[in-house]
Amino acid sequence: MHSVRARSQVARSLLSLASVARSAAAPASMHTPKLWTSWRSFPCPTHSPFISRSFTSTSSRWTNEALQKELLDGVTFGSFPTRTHKCGELTKANVGQKVVLSGWAQKIRKLSDELIFLPMRDSSGMIQLVINGSSGASDRIRQQLTEITPESVLCIEGHVIERNAKAVNPKMATGEIEVELSSVVILNKTHKSLPFQPSNSSEVNEEVRLKYRCLDLRGEKLQRNLRNRSLAAWVIRDYLVSQDFVEVETPMLFKSTPEGAREFVVPTRNADAFYALPQSPQQYKQLLMSSGIDRYFQIAKCFRDEDLRADRQPEFTQVDLEVSFGSAKDIQGLVEGLVRSVWKKLKGVELFNGGEFPRMNYQVAMSKYGSDKPDTRFGLEIQRVADLANSNILEAIVLKHDSKPSDSDIKRITRTDAKTFPVVKITDKNFSSWLHKLPMSSRLEGSLNIDEINKSIDLQPGDTLILNDRPVFLSGGQTAMGKVRLELASTMQSKGLLEIPSTQYNFLWVEGFPLFSPEEDPSKPQDRLAATHHPFTAPVAEDLPLLFHSPEKVRGQHYDLVLNGTEIGGGSIRIHSPKLQTYVFEKVLKMTPEESGRFSHLVDALSFGCPPHGGLALGFDRLMAILCETPSIRDVIAFPKSASGRDLVVGSPSALTDRQLSEYKIKVVKS
Ligand code: ASP
């Protein structure tokens, strides 16, 4: 099968070369494409603007000789000198040596006919090439330099020389030396109007950078990010294999199951049969535990057709693992070891001096920080002030007088479309009475000693209070005050009123999540419960009796790993009883028999003697974004999707031909 495909590809390329030979009219250099004023409006996706149109036009008559010249213009086929060093690794220790280097030409600086500089970059860094009058560089090299466009690919020979003291460039790793050219081979001349220069990409619109990703990837930052990603993956594999984990690949062509997220489906030529891409390898890894694999891991591709956000991609990578016979603490210990090894290798940092990562209960996280992924690098904690009627609580953030934002900033943050938060400026005059003047004061409950309350929340005249009332029992991922807290923090940070150290790594396990939450997906019946994480998470053992009458009160054996306000991983101990799993599907989540039947493979596997097991998945892209100190996960993915979920490099998703549609028995209904 493979050989047939390979043969037909060769045949196709030969055919296209032949048709070029038949059709080309004039040397391409005479017909360079016009400069594109707007890269987005590039009109013809089937034809590269970087090859002259006349080259493939049908009205052409080329002589064989002209065609050969055209095909070879600016390109070297066949042998060229073998590289002896990489550009960025040369140092003063190489002075006097003859070297062969390869890389991408940068902009030539011609100081005079005698003195010409040509910086050149490869994956290791930049070096300055030079010819000057005394080097006796041949006219041929001088002529070649006039032909070289930036980003052309070169192979050069030369001698490493020391720069004179005045010419040393301390900002350049190779700034103490340069290479005096003795020969240049142009391996591939670049089109003279590139969409952008990799060195200037930060000034270019992101969509253009994503479309011409191979140019953007040449830049220093993305090169470094991809190298770090590769290094981190290696450290992770090394660590997990040392802990007796087995790397197992699981299928990409999976099945549609109501696991939680919206899936991507893949049609087949059978009209009634579809695959779905896995939202995670969750079900397969549980099957592997029943298969006796004991400790599994995979650096796995996952697919979710969900709303896109800055830190989400429809296709993303997880470090996925699962362990048999282990407790939550065992699994957390293994993950801590993994994260520790990565931080040590990539950051040179010993996390928590080898000690355990801190843990926080979900209700504590939600009430103190208003988030299930609290950023604990700064204070601004939400404090309980007093009880209110109807099982509500009065809570507050205290802004200290010496570091509070301006009145207009406070107003902007506390008056949202959804809600206006009471704000009270504390003075000597209202210090002992503010509580009783609040809009919600008629609902205050219990014994209220305002002096004690002031003391417990550390309130002083001059401070400002932002107040809110909320239910005692919290659910979801963020509270209204949690949002206010984060907005205050970012405003205060931008005004220099709050320091949030970027190199402090506050890892935290959040535990004690509710096992089920109210359904948030508007397309599903709203009177049902949904699994807070996924339907395979085991309940906390002592909450099991609640499952039968108050499932919303049951806590799950789930744990999230949070770092500086970002969830970087989540996992749980799983249900390993086939009966309990079926009960959760059918009685708690109220799945139809058709829906729960889609998990029959899993229930079967649990029935065949599946050990107690649990695991976790780390979001590898998010982890890398934090390690590479970049806000966007697109910066750590070689070929990411755009903000609207498109691969702008290849132009996908794209339409199918009518023939393909009929082969797959798909009818497109245009809305
Ligand atoms: N499969 C889960 C997820 O993707 C992680 C886990 O529970 O191991 O979030």
Side-chain angles (χ1 to χ4, degrees), residues 236 240 245 247-252 254-255 257-264 276-290 293 295-306 309 311-324 326-336 338-339 362 372-373 477 509-517 530-540 555-563 566-576 581 584 599 602 605-606 610-623 633:
I236 288 167
L240 289 173
F245 279 78
E247 184 166 12
V248 184
E249 290 157 84
T250 54
M252 288 288 108
F254 181 44
K255 167 187 165 175
T257 60
E259 196 177 306
R262 194 185 305 131
E263 301 153 318
F264 286 99
L277 301 180
Q279 50 187 284
S280 84
Q282 182 66 34
Q283 295 174 54
Y284 284 114
K285 70 176 174 175
Q286 291 195 240
L287 299 187
L288 287 169
M289 295 301 101
S290 187
I293 285 296
R295 287 183 167 194
Y296 140 95
F297 87 97
Q298 182 179 192
I299 300 187
K301 281 275 178 202
C302 305
F303 306 86
R304 292 184 196 171
D305 188 6
E306 289 184 324
R309 293 191 207 141
D311 63 348
R312 269 204 198 155
Q313 285 271 303
E315 176 179 350
F316 59 98
T317 308
Q318 285 187 343
V319 179
D320 192 42
L321 56 91
E322 197 75 7
V323 168
S324 286
S327 66
K329 197 133 193 263
D330 295 333
I331 294 162
Q332 290 169 357
L334 285 162
V335 173
E336 288 174 16
L338 183 156
V339 169
Y362 166 81
D372 64 354
K373 36 182 174 301
W509 289 108
V510 179
E511 301 173 313
F513 286 85
L515 187 54
F516 306 106
S517 307
T532 307
H533 292 100
H534 53 55
F536 321 113
T537 305
V540 167
R555 288 163 302 159
Q557 292 196 53
H558 180 92
Y559 32 83
D560 269 354
L561 184 59
V562 172
L563 169 58
T566 301
E567 179 200 321
I568 58 165
S572 58
I573 296 297
R574 325 297 183 186
I575 296 172
H576 68 285
Q581 184 65 82
V584 167
F599 293 113
L602 182 68
L606 300 182
C610 182
H613 60 282
L616 168 136
L618 291 172
F620 191 44
D621 307 303
R622 281 189 200 168
L623 192 79
I633 60 170

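Counting starts at 1 for both ligands and their atoms, following the listed order.
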(request) Mind checking side chain to side chain contact (heavy atoms under 4.5 Å, CB included) for Asp330 and listing every partner two or more places apart, or none if nothing turns up? (result) Ser327
(request) List the closest protein heavy-atom neighbour of atom 5 (C) of ligand 1: residue, atom name, distance to the nearest 0.1 Å. (result) Gly570 O, 3.5 Å
(message) List the residues meeting salt bridge (Lys or Arg N to Asp or Glu O under 4.0 Å) with Lys329, not counting sequence neighbours, and say none if there are none.
(response) Glu356
(request) Select one of side chain, backbone, both or neither to describe which atoms of His534 lie under 4.0 Å from any atom of ligand 1, heavy atoms only. (result) side chain
(request) Go through ligand 1 atom by atom and flag the ones less than 4.0 Å from a non-hydrogen atom of Ala617. (result) 5 (C), 8 (O)
(request) Using non-hydrogen atoms of the residue, decide whether Gln279 is closer than 4.0 angstrom to ligand 1. (result) no
(message) Quick check on contacts: which atoms of ligand 1 are under 4.0 angstrom from a heavy atom of Lys285?
(response) 6 (C), 8 (O)
(message) Nearest non-hydrogen contact with atom 9 (O) of ligand 1 belongs to which option: Gln286, Arg304, Arg574, Glu567?
(response) Arg304
(message) What's the separation between atom OH in Tyr296 and atom CD in Glu322, rounded to the nearest 0.5 Å?
(response) 8.5 Å
(message) Need the ligand 1 atom indices (1-based, order shown) with element for anything under 4.0 Å from a heavy-atom of Ser280.
(response) 1 (N), 4 (O)
(request) Tell me whether the centres of the aromatic rings in Phe620 and Phe316 are closer together than 6.0 Å. (result) no
(request) Examine distances only and state if a side-chain atom of Thr537 and a backbone atom of Ser572 form a donor-acceptor pair shorter than 3.5 Å. (result) no
(message) Can you tell me how the ring of His558 sits relative to the ring of His533, calling it parallel under 30°, perpendicular over 60° and tilted otherwise?
(response) parallel
(request) Nearest heavy atom to atom 4 (O) of ligand 1 wins, so pick from Glu259, His558, Gln282, Gln318. (result) Gln318
